[in-house]
Amino acid sequence: MSFVPNIIEPEPAVDGSFDDALLRGLNPQQREAVEYRGQSLLIVAGAGSGKTSVLTRRIAGLLQSREAFPSQILAITFTNKAAAEMRERVHQIVGNEAEGMWISTFHSACVRILRREAEHFGFTKSFTIYDSADSRALLKRILKELDADQYGFTVSSASGKISKLKNELQDVESYARGANFSDPAEVMFLEIFRRYTQALSQANAFDFDDLIGQTVYLFRAFPVVAAHYRRRFRHILVDEYQDTNHAQYSLIHELTRSVRPDIADEVEAAGGLVKTKRDAVGAIPGASLTVVGDSDQSIYAFRGADIRNIVEFERDFPNSKVILLEQNYRSTQNILDAANAVISNNFDRKDKKLFTDIGEGHKIVGFTGYSGHDEAQFIADEITKMHDEGIAYKDIAVFYRTNAQTRALEEIFIRSALPYRVLGGTKFYERAEIKDAMAYLIAVANPADPLALRRIMNVPKRGIGPATETALQSWADAHETSLRDAVRNAGELGLGPKVTGEILEFGSVLDEVMAKVYPPEGSEARPAPVADVLVELLERTKFVETLRASRDAQDEARAENVEELVAVTKEFQKNNPDGTLLDFLTEVSLVAAADDLDDLSGTVSLMTLHTAKGLEYEAVFLTGVEEDLLPHRMSAGEPGGPAEERRLFYVGITRARKRLFISLAMTRAAYGNVNVAMPSRYLQEIPADLIDWRQSPGMANSRNGTEPRALNARRDGSSWGSSLREAAALPPGKPKEKTQWANMVTNVVRDNSTLELSAGDRIKHNDFGEGRVTAVTGEGKKRVAEVQFDTAGRKRLLIQIAPIEKVE
DNA sequence: GCTTTCGAGCTTTTT
DNA sequence: GCTCGAAAGC
């Protein structure tokens, strides 16, 4: 493929001035961060210090002053959501001038580049993107082929190691150079890595890490290609710089390099307009770089993020300017005091203190539950109270360390009829039936991908079992062709007539639909819209029909999910009239947890602490602040683990604007059994006078006691254990137990759909005891009772499933 | 080749 | 307490 410059543009006429409105309301440091002009700028932006505002105004300034065309700006954010927000905010300031900027994540920017350039190195533009599940499936096959479990390899250990290597820009060859060949496990790993890499390239696929790594490779191997992007992007801005890994760091380095005079000659000879950009010696100077970050918020070391990228920025980019933003515009002073106190325990950091002039605000509220459910009930009650006080559900968020913690929260929220959304976690696109439907689309888009093909070969059931699949694969191997070709030529395999017919029919459905997606060269036909493609595939394979006909009750729900996917494709087509199947697949592959956080108002948001980064809420609940959860047990062994966990806690605290709740439980369910939980060490790091303990670990621990025990008085495990044993020894359901653990919740659920309730009724609840109904709202399945309990306080109950009965 | 059953292992965080 | 894979029976 020859290099074709695709944008002809004159130099912008710099008038060097921009609207004063851009600087309005900024403090001196923020103002300087917007106005500074130089080769490289590091903005160290504490949590809530207005960095998004600074970044967007900086971009708007570049555009308004005509220092840059939109097409010369590349802004990189961490999530698509953040990218969309930044685009929107720039658009608000400069209007349509914002068109043509690249504001995207590292991954989507790289996909865009790779789709354009993949043909330089043996891929086609229709490559597929393997998500982690796809990579794992592939690795599973490879490990099995090699019997690698003999050497202690698991899918997760192998995928972790490969990912780590790729983040450090290592490939099979470079790894082999440093490998110890007398270690059989290392030899085995090398073989796994080799086969994995080979399988990806045969499948015309990249995994997540490749998207970055291969782009760097592309730039290094093809200087003229790199020169095209270096020439194009004159201003590069990177958000959340503390979370970049080595590959991403290298990508930034590659993009901001200057173009050597001889390469510039080559670009010019190929028709690239570079003359106006060349300096005295004929080189094209490197682009200007602005990075924004906060090393206190670095929480992705496990993914290869290297805090040194930000710490050593000044060394890497000589003559760079550093600007510190310390004034916080988000949180109350109490919240900031807690955050500052916690983070100051990380000793190897530059001292930095957030301050605000918002005022003290509410105290932080602490609560210790008996169990995770008890904790969840406390949260539900507090949310109800705040909602009554006029705080919208959408301004409230609940954070947790692990996704497993959602279960208890969801159960209680459903019972309390609280509207909520879980961000991340088991996502729509991870459901098996959705992955199946998606695999049909991938098989059509990228016929080289055997993973997708294998997944759907027998879905719905068409009698192509493992034996038949192996036969097809062997035929493909013997003829040195793809699995897809074997499907087309199934007639030559000598299989039974029935199964042969099925395979051929399957293959021709794919081929015929493919012809509609990629109309032959010179034909008038436009590529078929994604929704049509999907519907045709589903109909011709009787995919939904089979699910609907199934006796399994869950299959009905699966059919509905697939219909939902059809709706998603229609929506996509509406928003992107020219969107291709590849665009759709790319978008789906790169959606992040924080991305589906749309303005769907009126629901409480539940998410992990990692997902919470970059977001802010009026009220925040930090849950499960316990040893082994935060800090997580798994982090203990890793160097820097506890410090990173502390940063995670810090990130959580600093998301809150006005109200912060910190909660924990004395027991926590894991793997289906119940374990004793201890308060997190980080709790002691918050000055005691900042927290108003509704029920402190000390109170919850002492039998009847209302004396809060000082948190920093070390409790050993045995005292917790013994107190628990006493608690557990009490038969469940005794009145005494109830009053002591007013919020204790059991798992009793019943079908109450026939129960008629109205205001004034007196009821008895399994866990909360007796109370009076104050209001009934909603219809049918969603009827909700507001109940004032005698001892347990006010609760909202979803009547249908509440363990209650009327008492006369 | 399909379906059912039973046991093992599992949970850190994500683009 | 759930998911996945192996094994056995149909």
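The sequence lines fix the lettering, A, B, ..., with proteins before strands; numbering per chain opens at 1. This structure is a prediction, so every number in the text was calculated from the model and none was measured.
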Pair Q473(A), T470(A): side-chain N/O donor-acceptor within cut-off below 3.5 Å:
no
Rounded to whole Å, how long is the line connecting atom CZ of R141(A) with atom C1' of dC4(C)?
17 Å
L629(A) CG - dT12(B) C1' separation (whole Å)
9 Å
For dC2(B) and N458(A) - does any side-chain N or O of the residue sit under 4.0 Å from the phosphate oxygens OP1/OP2?
yes
Taking the side chain as every heavy atom from C-beta outward, state whether L629(A) and Y400(A) have any atom pair closer than 4.5 Å.
no
Among the nucleotides dT12(B), dC2(C), dT15(B), which one has an atom lying closest to any side-chain atom of R303(A)?
dT15(B)
When all nucleic acid strands are considered with a 4.0 Å heavy-atom cut-off, which category describes A670(A): base, sugar-phosphate, or nothing?
nothing
Which of T128(A), L483(A), N204(A) passes side-chain contact (heavy atoms from CB on, under 4.5 Å) with D449(A)? It is T128(A)
Is T611(A) near enough to dT14(B) that one of its side-chain N or O atoms lies under 4.0 angstrom from OP1 or OP2?
yes
Can you tell me the distance, in whole Å, between the CD atom of E627(A) and the C1' atom of dT12(B)?
15 Å
What is the separation between atom CD on Q242(A) and atom P on dT13(B), rounded to the nearest whole Å?
20 Å
Ranking S108(A) and G465(A) by the position along DNA chain B of their nearest nucleotide, the one closer to 5' is G465(A)
Of the nucleotides dG1(C), dT13(B), dG1(B), which has the atom closest to the A467(A) side chain?
dG1(B)
Can you check whether L451(A) reaches R455(A) side chain to side chain, under 4.5 Å on heavy atoms?
no
Does N403(A) place a side-chain N or O at less than 4.0 Å from the phosphate oxygens OP1/OP2 of dT14(B)?
yes
Pair Y300(A)-F78(A), ring pair (Phe, Tyr, Trp, His ring centres under 6.0 Å): steps then yes or no:
CA-CA 11 Å; Y300(A) 282 101; F78(A) 206 67; 5.1 Å; yes
Under 4.0 Å, counting only non-hydrogen atoms across every strand here, what does K498(A) touch: a base, just sugar-phosphate, or nothing?
nothing
When all nucleic acid strands are considered with a 4.0 Å heavy-atom cut-off, which category describes D131(A): base, sugar-phosphate, or nothing?
nothing
Integer-rounded Å distance: dT13(B) P and I299(A) CD1
13 Å
Think S132(A) has a side-chain N or O under 4.0 angstrom from the OP1 or OP2 of dT15(B)?
no
Mind calculating the distance between CD (E645(A)) and C1' (dT11(B)) to the nearest angstrom?
13 Å
OG of S589(A) to CG of D207(A), rounded to nearest 0.5 Å, is 12.0 Å
For dT15(B), does the base pair up with any side-chain atom of H107(A) as donor and acceptor (N or O, under 3.5 Å, distance only)?
yes
M634(A) side chain, from C-beta outward: closest of dT13(B), dT11(B), dA6(C):
dT11(B)
Establish, with yes or no, whether the OP1 or OP2 oxygen of dT15(B) is under 4.0 angstrom from a side-chain nitrogen or oxygen of K81(A).
no
Rounded to whole angstrom, note down the C1' distance from dC4(C) over to dT13(B).
23 Å
May I ask you to verify if any side-chain N or O of S635(A) is less than 4.0 angstrom from the OP1 or OP2 atom of dT13(B)?
no
Interatomic distance where CZ belongs to F78(A) and C1' belongs to dT13(B) [whole Å]:
11 Å
dA7(C): pairing nucleotide in any strand, Watson-Crick or G-U under 3.5 angstrom
dT4(B)
Please determine, for the side chain of P466(A), which listed nucleotide (dT13(B), dG1(C), dG1(B)) has the closest atom?
dG1(B)
Toward the 5' end of DNA chain B, which comes first, H632(A) or Q248(A), by nearest nucleotide?
H632(A)
Looking for any heavy atom pair under 4.0 Å, which part of the strands does Y300(A) touch: base, sugar-phosphate only, or nothing?
sugar-phosphate
Stacking between dT13(B) and F302(A), yes or no? Criterion: centroid separation under 5.5 angstrom, plane angle under 30 degrees.
yes
Return no unless some side-chain N or O of K461(A) is found under 4.0 Å from OP1 or OP2 of dT3(B).
yes
What is the separation between atom CG on N675(A) and atom C1' on dC10(B), rounded to the nearest whole Å?
14 Å
Measure the CD-NE2 distance between Q248(A) and H253(A) for me, rounded to the nearest 0.5 Å.
14.0 Å
Among the nucleotides dT15(B), dT11(B), dG1(B), whichever has the atom closest to the side chain of F208(A) is dT15(B)
